[in-house]
Amino acid sequence: MCGIVGYVGDKQAAPILMDGLKRLEYRGYDSAGLAVRQGSGRIEIVKAKGRLSALAEKIDGGRTLQGDCGIGHTRWATHGEPSERNAHPHCSDDMAVVAVHNGIIENHQELREKLERNGYRFHSETDTEVAVKLVDYYAKKYQGGPVDALSRSMMRIRGSYALAVLFADHPEEIYAARKDSPLIIGAGAGETFLASDVPALLRHTREVYYIGNLEIARLNKDGASFFNVDGEPIEKPLTHIEWDAEAAEKAGFEHFMMKEIHEQPKAVRDTLHAYVKEDGSIDFSAAGLDEEAARGVRSICMVACGSAYHVCVTAQYVLEDLAGIPVRTELASEFRYRRLLLQKDELVIVVSQSGETADSLAALREAKRLGCRTLAIVNVVGSSIAREADSVL
Ligand code: GLU
């Protein structure tokens with residue numbers, strides 16, 4: 001999950017959006033994009049893989065993209081490789097609906113099939129394009145306007161999302177919807193901002209609205225109005241942000257480490273909730289580990305380096321307790337140079353933040369050479385370890 005920004009007012013949107021994305025850069029991302037529009041003119045979309053500087057170069061820092069209303073995004077790929085095609089914004093083929101999204105649409109496959117049956121075609125591998133086209137489908141089918149189309153979509157979508165949406169028929173407005181992914185609105189004088197995190201807003205305003213779970217917002221330059229998932233208007237208080245920019249990046253915590261420690265429950269929940277079914281049962285088959293394969297595992301060997309190794313040392317006790325089979329932890333750098341007594345029915349779990357840790361990658365290859373089943377836990381989709389492991393979380 002990465003960054004979202006939005007602006008509607010009298011100023012040029014693109015430079016403000018680029019600056020906002022820059023302030024969310026500390027979160028890491030693999031591609032970026034903007035959609036900007038002047039009045040009721042055409043919505044222009046520009047995207048680039050890689051750093052924000054690649055996007056900035058395409059639009060001369062924002063100067064060549066004219067318009068006073070727009071949305072921007074930095075992507076941390078979860079569905080589909082990092083590429084310009086998969087970068088946001090995504091749009092309906094007629095550009096009636098253009099949106100950016102943070103989060104994961106869990107039932108994207110089922111929704112994609114439904115939309116395909118209704119004539120929709122897809123041009124990216126993302127779950128986001130499915131959400132965008134679902135909103136377009138409901139907007140066209142029921143003609144009830146943006147809030148109606150969003151609320152119908154929210155009832156169908158399972159998963160997490162912060163969505164910022166432009167509707168071609170509703171110029172000078174941005175719509176937002178959220179569930180389990182952060183999104184806030186900043187109120188300025190004659191201008192309104194949208195962001196996934198406080199640092200993107202602080203240069204412009206300290207007065208913010210927090211959009212609640214399963215709520216919808218409509219922004220124009222005079223402010224914002226809010227709706228529940230049934231499309232009924234709701235009231236929201238303005239909150240004054242006291243933090244300075246540096247504290248805001250750390251979400252009010254004194255150190256990044258404290259922030260990350262406090263984010264652990266959410267990180268674990270985000271990673272696992274796609275595999276926990278509604279009845280509470282667990283099904284890893286979507287990750288490539290079905291019931292039969294899981295039952296065949298007699299022991300587990302966890303392999304990692306550095307702080308990922310320490311995570312494994314802790315996780316080893318939890319796993320052993322839950323699974324009732326022996327679990328051990330090995331340093332990847334030792335693993336690859338030792339004569340290993342691995343069993344064929346041993347599951348080798350490789351943990352790496354980047355998915356590129358050289359020793360961990362070598363250990364994974366060694367485990368595969370020895371005929372063991374492998375599972376990777378990484379933070380980067382499309383990384384080498386993610387690609388080579390049998391299963392990946
Ligand atoms: N799931 C979406 C994608 O893979 C959004 C990822 C994000 O939150 O940046 O494009």
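Position 1 is the first residue of the sequence; numbering continues from there. Given the structure is predicted, the values throughout are model-derived calculations rather than measurements.
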Is any NZ, NE, NH1 or NH2 atom of the basic residue among [X] and [Y] found under 4.0 Å from an Asp or Glu carboxylate oxygen of the other?
| X | Y | result |
| --- | --- | --- |
| E366 | R369 | yes |
| R112 | E129 | no |
| K368 | E388 | no |
| E346 | R328 | yes |
| E113 | R117 | no |

Using a 3.5 Å distance criterion without hydrogens, assess whether the side chain of [X] forms a donor-acceptor pair with backbone atoms of [Y].
| X | Y | answer |
| --- | --- | --- |
| S181 | N102 | yes |
| D197 | P199 | no |
| R178 | I211 | yes |
| D345 | G296 | no |
| D230 | E232 | no |
| Y7 | P15 | no |

Q: In sequence, state the C-alpha distance, the side-chain angles, and the governing distance for D93 and R121, and then conclude on salt bridge (Lys or Arg N to Asp or Glu O under 4.0 Å).
A: CA-CA 8 Å; D93 288 359; R121 293 289 161 266; over 6 Å; no
Q) Is it true that V327 and V313 fall in one hydrophobic cluster, defined by side-chain heavy atoms closer than 4.5 Å? A) no
